Number of protein chains: 2
Amino acid sequence: MTIKEVAEKFDMTNDTLRYYEKVGLVGPVKKNSSGMRDYSESDLKRIEFIKCMHSAGISIEVLKKYVDLYDEGESTKLERQHLLEEEQDKLEEKIRTMTEALDKLKYKIELYKTNKLDEYL
Amino acid sequence: MTIKEVAEKFDMTNDTLRYYEKVGLVGPVKKNSSGMRDYSESDLKRIEFIKCMHSAGISIEVLKKYVDLYDEGESTKLERQHLLEEEQDKLEEKIRTMTEALDKLKYKIELYKTNKLDEYL
DNA sequence: TATTGACTTAGACTAGACTCTAAGTGATAA
DNA sequence: TTATCACTTAGAGTCTAGTCTAAGTCAATA
């Protein structure tokens, strides 16, 4: 699969895909006889996982660490699990924070709708 | 209330408070006779609201726009409401995205725990 | 009185995550 | 066969949201 096709599939830019490869999140991606990237199935699966995790707010740095541990092999299994568990905690905390903010936002919108605004902001 | 006290109360830095004032999110904060900031109750309420919304991922730019509309007065009420409704939609979408990612993360951790990992990454 | 410490300002710097530019290569269409 | 187009690289530039620095002021303590 070409870089363009991958970019379209995952709705990201070619630049972002090359950037992910440069920092070592993906690949190195195989090149065809003309030197152009040809993404494999497993490249695609990595990209999907990374995109999903990154869109949830997990940093490139943390994802890179995970990928590096993965590439080191079996011996890092437990460390990888712990890394994921930490990210799970952070993610749950973030969702809580956002849900709280959402509630406040909804309350404020309610004030607007019922014309009961007399507050600061 | 001094800048230090406010920073402690909301767990942010003096620098961030000055930055918020510089971009017009808060204040202008009153100064005492020695030229030092003395935050009022309504400054504190703004800061609390802004901190909460920003921690949920609403950008400084959007918050600034809201504050500016607020300061323009009554006539912008409907526009402000619409702005908040848009942010509500975005926030709900973000929470959905993050919840999806969280589910995938939990599933992956389960694979680690039951030693069923045979996948990519 | 001298120094310490918390504040003030303007403005430079930083990190993270891209995003763009310039210069070049290879395959295909006119 | 020349032009066009999608790709390649290295490296520079951008944006957001701070964060830090330098130089200075003021009040309180040694």
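Proteins get letters first, then strands, A, B, ... in listed order; numbering begins at 1 in each. What you see is a predicted model, and the numbers here were worked out from it, not measured in a lab.
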DNA chain C contacts made by residues 10-26 of chain A, counting heavy atoms under 4.0 Å: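 Heavy-atom contacts with DNA chain C come from A:Asp15, A:Thr16, A:Tyr19, A:Tyr20.
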Mind running a 4.0 Å heavy-atom check of residues 56-67 of chain A against DNA chain C and sending the residues that fall below it, in number order?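 Here the set is A:Ser59, A:Ile60, A:Glu61.
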Do we get A:Lys108 above B:Phe49's six-membered ring, with its NZ or CZ under 6.0 Å from the centre and within 45° of the axis?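 Checked: cation-pi criterion met.
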With a 4.0 Å cut-off on N to O distance, would you call [X] and [Y] a salt bridge?
X       : Y        : answer
A:Glu92 : B:Lys106 : yes
B:Lys90 : B:Glu93  : no
A:Asp68 : A:Lys65  : no
A:Lys64 : A:Asp71  : no

[X] atom [atom1], over 12 foreign heavy atoms within 6.0 Å:
X       : atom1 : value
A:Asp11 : CG    : no
B:Glu61 : CD    : no
A:Glu48 : CD    : no

What's the closest nucleotide to the B:Thr2 side chain, out of C:dC7, D:dC7, C:dT9? C:dC7
Please pick, from D:dT8, D:dA17, C:dC7, the nucleotide with the shortest atom-to-atom distance to any side-chain atom of B:Ile3. C:dC7
Backbone of A:Tyr112 reached by a side-chain donor or acceptor of B:Lys77 within 3.5 Å: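 Not a single qualifying donor-acceptor pair exists.
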Quick check: does any side chain N or O of B:Thr114 sit under 3.5 Å from a backbone N or O of B:Glu110, one acting as donor and the other as acceptor? yes
Between [N] atom [atom2] and [X] atom [atom1], what is the distance in whole Å?
X       : N      : atom1 : atom2 : result
B:Met53 : D:dA17 : CE    : P     : 16 Å
A:Asp38 : D:dA6  : CG    : P     : 18 Å
A:Ile50 : C:dA17 : CD1   : P     : 12 Å
A:Tyr39 : D:dT8  : OH    : C1'   : 12 Å

Strictly below 4.0 Å: does A:Arg37 bring a side-chain N or O up to OP1 or OP2 of D:dT8?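 True: A:Arg37 side-chain N/O within range (under 4.0 Å) of D:dT8 OP1/OP2.
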So, is A:His54 near the phosphate of C:dG16, with a side-chain N or O under 4.0 Å from OP1 or OP2? no
Closest non-hydrogen atom pair, B:Val67 against B:Arg46: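 Shortest heavy-atom contact: CG1-NH1, 3.2 Å.
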Would you give a per-nucleotide map of nucleotides 22-30 of chain C, 5' to 3', where B means the base has a protein non-hydrogen atom under 4.0 Å away, S means only the sugar-phosphate does, and - means neither? ----SS---
